[in-house]
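Worksheet for the structure shown next.
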Amino acid sequence: MGAADYQVDEKGHLEKNNYLNCEKGLKSWLFTIDHKRIALLYLGAMILFFLVGGLAAVLIRLHLWSSDSKLLSPDMYNVLFTLHGVLMIFLFIVPGIPAVLGNFLLPLMIGAKDVAFPRLNLFSFWIYLLGALIGFIGLLDPVWLVSKIKGSAIGTWMPLDTGWTFYTPYSTSTGAGSGWGTIIMTFAAFVLGFSSILTGLNFIVTIHRLRAPGLTWFKLPVFVWSLYATSIIQVLATPVVGITLLLLIAEKVLGVGIFDPEKGGDPILYQHFFWFYSHPVVYIMVLPAFGIIGEIIPIFSRKPIFGYSAVVFSSVGIAAVSFIVWAHHMYTAGMSPFSQAFFSATTFGVAIPTAIKVFNWVSTMYKGAISFEAPMLYAMAFVFLFMIAGTTGIFLATLGLDIFYHDTYFVVAHFHYTIQGGAVIGLIAGLHLWFPKITGKMYNKKLAIFAFWLIFIGFNVTFLPQFILGVQGMPRRYAFYIPEFEPMHRLSTIGMFFNAIGYTLALLNLALSWVFSKEKAPANPYKALGLEWQAPSPPPHDNFINTPIVTVGRYDYGKPLEDLGLKGGVSG
Amino acid sequence: MAESVYSKVGGRGAPPVYHHIDPINAYHAAKFGMWLFLATEILLFSVLFTAFAIYNWAYFESFQHAATKLDWKLGGLNTLILLFSSCTAAIAVYKAQINDNQGVVKNFTVSFICGLAFLVIKYFEYSAKYRHGYFPGTELWNSAEFSTQYKNYFGLYYVMTGLHALHVLIGMGVLLWVIFLARRERFSEKYYTPVELAALYWHLVDLIWIFLFPLLYLID
Ligand SMILES: [Cu+2]
């Protein structure tokens, strides 16, 4: 198809023949190898899991309204927090930003027509769906259900209740229902790991080999750098947890003793292997969000990003350090004082690159011409929330304090500040920023800002009290608690409502604007620099109609618009 | 309306045509991707090596003794078989580079048969273990005289060699697919990516066994 087939209007909007409508029919979506369509497939599936996982969280917090709540049985409570954790971690936030925004934007940002291996990309998505399916089967304990239908059921129905960490020996000895739940679920996590590895591999090769001419490594967008760092973790850490989960299965099926002390195994070894992956995985979730914030702040401050190379090196630095801190989850599990001191020190080390990032974001905003649009509000909230997440992380990294805080609500609050306040807010910020590029429409800006405040206030009201609960000694994962904790739990539950309504509203706003909005988005609604804004909105199948040319740097803001070639409309 | 990524299937010996990447870059990208994949495979096995190292340290004497129950002669024979099959795989790549598709077929077929021989020998080893009762579920295995430390050694043995055997099986499938393509004269000096990738994978399977063999069979 030549350039003549595309009728881009003067603002850069492409009504016909864009990637959304160039092919029609369900088959053209499910078997597409277009990275932009695959990104949307991921988005659809992930939002679904996010809603189910969110519903579990709502039920959990409702149950915790009173200290001796009868809303859920203790067993059901365990099942629900397992469901919440597994869905949110493995199905929502680990694929998260890379699978959706990474897939959509990586080729656009580096001026390529697709990722290096488009078919592998589709394959990753299908593996992801397969893993999700197996996961749901594992969660629901189907073997018992089947035997119930046949009339040979033993015991009661008991979906998976191990928590998302599958700690041994409970996970290999639990008689939860038929006892098959853990096996199926860990196998699902293994399959999902494959999807993660293949996506990471695809991105690394794409960044190495498909950059547009002239786009050297140190001209790359910080979002691409953060995807690169993320992909390295995905490729290097995921196999470790994959084989660990297979060993778990081997232990259960073959009865060989690897982690079960009764069979001569060592449960601590499981924790080492598990956290060797599951600490770096926190950065798989949050590094791409750092990248998104690094893109948003210069655009809405109209200032060049402060300390580009420091931002880049801190991303790579975080990825590197993340591999030598894992045992900070295990201070109380039995470790030599030397190892404790080592892992405590390395964990403090993570604070350095993270703080560099915060300084860079704040310095970029300093004396900038800030406009408070929805993406910018989310980005500023991110900086605020992540500072709380980071400083409470220092508490937990400190040996003496962690002995006290371990397995309390303090950890729960810290974790949610990192993952929801970091990764989820980052994802929502990015979805707003690139919404016009993805859909060719504009979202309702007032509603977006209203939803933002609901989320921001709701989030803090939910989780700030949990820090206090943790300090007071409320253990995590307990279905009942002493009446003294009730006020804080109630405050937290009230906050959850605002938070949940906020997310629902924000997502509904995006979805309904996409379907019903008449406003055609221009190619570059924010007068931003960067290659993806040169493509029409929505982009055609091949991304760019003419090969993009890099004339100004991505972060050269602060000059007159004429000098940047941004006066008037920007055509594709 | 939109063109497929694979708009034209490359003809005999010509590289496939992609819309997003030129053939030379595609070759390098594929090879780079393969190396990354091999890195994940090595990491996968390195966890098992770590677990083995830890338990070998913890249960040193039992592991020493348990290792004598393995047949090092059969293990050694399998090592030789895989080494030889790696040689023929390397030759197959060279044959593709000089436009000799029949050479690819011959050499990969030899590698394939070696893989099959490896699995057959492995089967005999496993069934011998079963007869002696060193296998999960047998009478001896379940009895009190079979210590947990033995179970640990044999458990790791089955997991490690079993996973490796699975890799051999997958590798044989890949070889078969390339043989099929080579029979249709698919490769030439301009396009031999699948041959090279298949050979790389086969070398990895060989390499892992070279570490497994002394670790499991020769530690006493
Ligand atoms: Cu950690």
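What's counted below: heavy atoms across the whole structure, side chains too, no hydrogens, waters or symmetry copies. No experiment lies behind these values; they were computed from the predicted model shown. Lettering of chains follows the sequences in order, A, B, ..., and the numbering in each one begins at 1.
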Quiz item: Contact part of B/Y55 toward chain A, heavy-atom cut-off under 4.5 Å: side chain, backbone, both or neither?
Solution: side chain
Quiz item: Under a 4.5 Å heavy-atom cut-off, does chain B meet the side chain of A/V241, its backbone, both or neither?
Solution: neither
Practice problem: Name the region of A/I197, side chain, backbone, both or neither, that has any atom closer than 4.5 Å to a heavy atom of chain B. | Solution: side chain
Quiz item: Does A/N21 offer a backbone N or O that forms a donor-acceptor pair with the side chain of A/N18 under 3.5 Å?
Solution: yes
Quiz item: Got a donor-acceptor contact below 3.5 angstrom from the A/R209 side chain to the A/A116 backbone?
Solution: no
Exercise. Let me see the working for A/Y277 and A/F273 under ring-ring contact (aromatic ring centres under 6.0 Å, His included), right down to the final yes or no.
Key: CA-CA 7 Å; A/Y277 165 76; A/F273 285 157; over 10 Å; no
Quiz item: Backbone N or O of A/Y19 within a donor-acceptor pair of the A/H541 side chain at under 3.5 Å?
Solution: no
Exercise. Let me know if A/L247 has heavy atoms under 4.5 Å from chain B in its side chain, its backbone, both or neither.
Key: side chain
Quiz item: Can you say whether A/N202 sits under 4.5 Å from chain B via the side chain, the backbone, both, or neither, judging by heavy atoms?
Solution: neither
Quiz item: What are the two closest heavy atoms between B/F154 and B/K69, and how far apart are they?
Solution: CZ-CB, 3.9 Å
Practice problem: Heavy-atom pairs under 4.5 Å with chain A are the metric here; pick the option from B/G162, B/G155, B/A26, B/S147 that has the most. | Solution: B/G155
Quiz prompt | B/Y150 ring center near B/Y59 ring center (under 6.0 Å) | solution = no
Exercise. For B/Y94, look at atom OH and say whether over 12 heavy atoms of other residues, nucleotides or ligands are found less than 6.0 Å away.
Key: no
Quiz item: Below 4.5 Å, heavy atoms only, C-beta onward: do A/W326 and A/Q271 meet side chain to side chain?
Solution: no
Exercise. Tell me, for A/I258 versus chain B, whether the close heavy atoms (under 4.5 Å) come from the side chain, the backbone, both or neither.
Key: both
Practice problem: Can you spot which of A/I110, A/T206, A/L215 makes a side-chain contact (heavy atoms from CB on, under 4.5 Å) with A/V224? | Solution: A/I110
Self-check item: A/K36/A/D34 ion pair, N-O < 4.0 Å
Solution: yes
Quiz item: With only heavy atoms counted, which part of A/A112 is less than 4.5 Å from chain B, the side chain, the backbone, both or neither?
Solution: neither
Quiz item: Are the aromatic rings of B/Y27 and B/Y191 close, with centres under 6.0 Å apart?
Solution: no
Exercise. Could you tell me which of B/L163, B/L156, B/N152, B/I54 has the largest number of non-hydrogen atom pairs under 4.5 Å with chain A?
Key: B/N152
Quiz item: Is the count of non-hydrogen atoms from other residues, nucleotides or ligands lying under 6.0 Å from A/F123 atom CZ greater than 12?
Solution: no
Quiz item: Quick one: are B/N78 and B/W209 in side-chain contact, heavy atoms under 4.5 Å?
Solution: yes
Quiz item: At a heavy-atom separation under 4.5 Å, does A/H272 approach chain B through its side chain, its backbone, both, or neither?
Solution: neither
Quiz item: Under 4.5 Å, heavy atom to heavy atom, which residues of residues 192-207 of chain B contact chain A?
Solution: none
Self-check item: Option that, when pairs with chain B are counted at under 4.5 Å, heavy atom only, ranks first among A/I204, A/L120, A/L246
Solution: A/I204
Practice problem: For B/K151, enumerate each residue passing the salt bridge (charged side-chain N to carboxylate O under 4.0 Å, His left out) test, keeping only those at least two apart in sequence or located in another chain. | Solution: none
Exercise. List for me each residue that meets ring pair (Phe, Tyr, Trp, His ring centres under 6.0 Å) alongside B/Y157, sequence neighbours excluded, and say none if there are none.
Key: none
Quiz item: Given the options B/T50, B/V159, B/V47, B/L48, which has more heavy-atom pairs under 4.5 Å with chain A than any of the others?
Solution: B/V47
Quiz item: Looking only at heavy atoms, which two atoms of A/S28 and A/G25 are closest? And how far apart?
Solution: OG-O, 2.8 Å
Practice problem: Considering only heavy atoms and a distance below 4.5 Å, find which of A/L210, A/V235, A/V115, A/V205 pairs most often with chain B. | Solution: A/V205
Quiz item: Using non-hydrogen atoms and a limit below 4.5 Å, what part of residues 30-45 of chain B faces chain A?
Solution: B/A30, B/F32, B/G33, B/L36, B/F37, B/T40, B/L43, B/L44
